Structures are given as structure tokens and as C-alpha cells.
Amino acid sequence: MLHTLQNDILKIKVSDFGAELKSITGISDGAEYLHNGDPQFWKYTSPVLFPFVGKVVNNKYRVNGKEYELPQHGFARTSEFQCVRETEDELAFRLEWSEETLKVYPYKFMLEIAYILRDNEVEVMWTVENLDDKEIYFSIGAHPALKCPLVDGENFDDCYLKFDVAEKSSRILLTANGTLSHERKPALDGKELNLSYELFKDDALVFDDLKSEKISICSRKSSKSITIRAMHFPYMGIWSPAKGGAPFVCIEPWLGHADYDDFKGDFSEKEGINKIPVGESFDAGYTFIITE
């Protein structure tokens, strides 16, 4: 089921399935700012990555000596959520642990995903609550597929990424299996990064040292843009399918990342992992900003 929020500037649609944002549309001209989920390129639009970001080695991980198996990005994006709040400016969805989730993720949790519409911004808020009698560990991340180009008739390589701080950073290279290697390659030098499909021939650009709180998709030919504002996120992924032709770019704020290819430790020892003590909760979020 799709749920809709609308104000004078934007309209958004969110599905119960995955609590996934499916559409951001401008009211004045009907322009769409998200990928439409065409499976020719990628069947998702803006999935939430939980309780993993990326892949674990061989899709297997260990908790207190016991091995579990989960696919890339975990199970939230393929789970049915319950809509628990629906007001004139907010939609909120909830997923709780079950006997089935315990088989693949041995923690009792509650995940709430809220979407708040304010003028030309869509704020996304995540709350993870520990419902267990022990500490729980997790990663969480965003994976929004932002339409690129934003204006019909323009080309992908008419567009560029604009950072709000001049960056000088190297990307962490991925292995053929989708895990992280210990190799890096220079990728950013300045406030702009020209987009091309060639940029993604070695998969996603993964960063762990960006200073920018805002990253925008802009055009050399028109004034429309879409910005992701993400504060206090230690990791960032930027991706478009390597085969090329996809009309979108993903700007992905992460709290956590894929395993390094040689990681063999306990899940709790993983770099970037998040921990919630008994009886407590964890909050984070990011924002879409639309400029027409």
C-alpha cells in the first residue's frame, strides 16, 4: 500500500513494503526526483539498509561464536512495515523483531522510519530501539536513487555532484565480491565531481573521510537540483549501475559499511558498528532538499 503526503511544493509517496520512499514530485511542474524502480536498471527507489550496510563475507557473520547468514543490505528493504502514524506532514512505519528475524539476526529490536514533509524538504528519521535483554549491534544506511538527469532531454554527463566543502579524498575500492578491499584510489579534489558512467565501472565510490554535510546533483544546463543533507555520517557511498544508461545516481549516507574482505571477527568487533545498551534507543536521519 502507498501512503501520500503533500504540501504546496512537494508530494511524496511511501510504501508499506520496506517503508520505502517511492516518489518525490514537484507540485508546480510534476517533475519527479526519484528513480521509478525500473528493474532494467534497479528495482528499488530508496531502500533502507538494516541491519547491514553492504555485504558480509560470503553472506555470513558471527555473533558470540554462532554463524548467521544474511544477504547484502539485510532484510528491512524486503520486509513489510506497519504504518503507525499518518498526519498532514508525517508518515511513520515500524518493523519489529519476530521469530523469523531471530533466525538470521539474533537481536530483539524495533525499527521506526519516519518521513516528514517541510516546504521543499523531506526529512527521513530512523529510530532503532533495543527490546532485548542484552546489547544489540547493527548498521543502518540510506540508498536513495536520485533521478539524473533531472530535466528531460538532458544527458547524464551534463550533470555533476556539488559538495558544500572542498574535498580531497580517495575512495575505498570494492572487491569483485562486493566487500571492501584495503586499496584506495584518488577520487575527489575540490567541490565538484563530473558524472559519467565510466566513473562507476569499478562499482560504488565509497568514502570514509568526507567533510561535506550536503551533496547535490546539479546540471550544467538547467537550475534544478536535488540535495542530500547528511550530518554526522562517517561513511558515504555514491553509485550508479556499472553497465551504464541508468537514469539515476545514489547518494548514500551510511552508519556502517560492508565487511573488509579479510574480516573474520565477531559482528560486535566490526568497524563502524553501532551499539545500543539495554532499554535504550538510537536516532539518526538525513534530508532531501529540492530546488526547482
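Remember, it's a predicted structure, so these values are computed and weren't measured experimentally.
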With a cutoff of under 4.5 Å between side-chain heavy atoms, which Ile, Leu, Val, Met, Phe, Trp and Tyr residues group with [X]?
X	result
Ile116	Met125
Trp42	Phe41, Tyr44, Trp239, Phe248
Val206	Leu49, Val53, Ile172, Leu174, Leu180, Tyr235, Trp254, Tyr260

Other residues, nucleotides and ligands only: do more than 12 of their heavy atoms fall within 6.0 Å of [atom1] on [X]?
X	atom1	answer
Glu67	CD	yes
Lys134	NZ	yes
Asn36	CG	yes
Lys13	NZ	no
Lys243	NZ	yes

Worksheet item: salt bridge (charged side-chain N to carboxylate O under 4.0 Å, His left out) between Asp152 and Lys147: does it pass, once the steps are laid out?
Response: CA-CA 10 Å; Asp152 291 342; Lys147 188 178 174 185; 3.7 Å; yes
List the atom of [X], the atom of [Y], and the distance in Å for their closest heavy-atom pair.
X	Y	result
Ile27	Asn7	CG1-O, 3.6 Å
Asn59	Pro71	OD1-CA, 4.0 Å
Gly54	Ala258	CA-CB, 4.0 Å
Gly65	Asp266	N-OD1, 4.2 Å
Leu146	Ile228	CD1-CG1, 3.9 Å
Leu10	Glu121	CD1-N, 4.0 Å

Is any side-chain heavy atom of [Y] closer than 4.5 Å to one of [X]?
X	Y	value
Asp132	Val278	no
Val151	Ser219	no
Arg220	Cys159	no
Tyr68	Phe267	no
Ser222	Glu154	yes
Pro51	Leu70	yes
Glu292	Tyr33	yes
Phe81	Ser15	no

First locate atom [atom1] of [X], then atom [atom2] of [Y], and finally report the distance between them rounded to the nearest 0.5 Å.
X	Y	atom1	atom2	value
Asp164	Leu210	CG	CG	10.5 Å
Glu129	Glu112	CD	CD	9.0 Å
Asp119	Ile290	CG	CD1	12.5 Å
Cys250	His35	SG	NE2	8.0 Å
Thr227	Lys214	OG1	NZ	7.0 Å
Ser240	Leu195	OG	CG	8.5 Å

Within one Ile-Leu-Val-Met-Phe-Trp-Tyr cluster: [X] and [Y], side-chain cutoff 4.5 Å:
X	Y	result
Ile276	Met110	yes
Leu188	Leu173	no
Leu5	Ile289	no
Leu102	Ile136	yes
Ile273	Phe263	no

Closer than 3.5 angstrom, by distance alone: can the side chain of [X] be matched with the main-chain N or O of [Y] as a donor-acceptor pair?
X	Y	answer
Thr45	Leu21	yes
Arg229	Glu213	no
Asn130	Glu280	no

The criterion is side chain to side chain contact (heavy atoms under 4.5 Å, CB included); which residues satisfy it with [X], sequence neighbours excluded?
X	result
Lys211	Val165, Glu167
Asn155	Asp157, Asp158
Asp283	Thr127, Ser281
Ala284	Trp126, Leu255, Phe282

Fill in: Steps toward side-chain contact (heavy atoms from CB on, under 4.5 Å) verdict (Ile140, Leu111)
CA-CA 10 Å; Ile140 191 166; Leu111 169 62; 3.9 Å; yes
Item to complete: Determine, stepwise, if the pair Tyr105 / Phe75 fulfils side-chain contact (heavy atoms from CB on, under 4.5 Å).
Response: CA-CA 9 Å; Tyr105 178 66; Phe75 52 72; 3.6 Å; yes
Worksheet item: Could Arg118 and Glu123 be called an ion pair, given the rule that one side-chain N must be under 4.0 Å from one carboxylate O?
Response: yes
Worksheet entry | side-chain hydrogen bond (donor to acceptor under 3.5 Å, both in side chains) against Ser98, all qualifying residues, sequence neighbours excluded | none
Worksheet item: In this structure, which one of Val14, Leu34, Leu2 forms a side chain to side chain contact (heavy atoms under 4.5 Å, CB included) with Lys22?
Response: Leu2
Worksheet item: Between Trp97 and Tyr107, is a side-chain contact (heavy atoms from CB on, under 4.5 Å) present by the stated rule, with each step listed?
Response: CA-CA 8 Å; Trp97 71 276; Tyr107 300 110; over 6 Å; no
Practice prompt. Kindly confirm or rule out a cation-pi arrangement of Lys270 over Phe52, judged by NZ or CZ under 6.0 Å from the six-membered ring centre and within 45° of its axis?
Written response: yes
Practice prompt. Only pairs at least two apart or in different chains count here, so list each ring pair (Phe, Tyr, Trp, His ring centres under 6.0 Å) that has a residue in residues 151-177.
Written response: Phe156-Tyr197
Fill in: Partners meeting ring pair (Phe, Tyr, Trp, His ring centres under 6.0 Å) with Phe288 (sequence neighbours left out)
Tyr286
Discussion item. Under the rule for ring pair (Phe, Tyr, Trp, His ring centres under 6.0 Å), what residues qualify as partners of Phe93, not counting sequence neighbours?
Written reply: His3
Worksheet item: Leu161 and Ile217: side-chain contact (heavy atoms from CB on, under 4.5 Å), yes or no, with the steps?
Response: CA-CA 5 Å; Leu161 297 183; Ile217 296 178; 3.7 Å; yes
Worksheet entry | Residue pairs involving residues 175-187 (criterion side chain to side chain donor-acceptor pair (under 3.5 Å); sequence neighbours excluded) | Thr175-Thr179, His182-Asp262, Arg184-Asp208
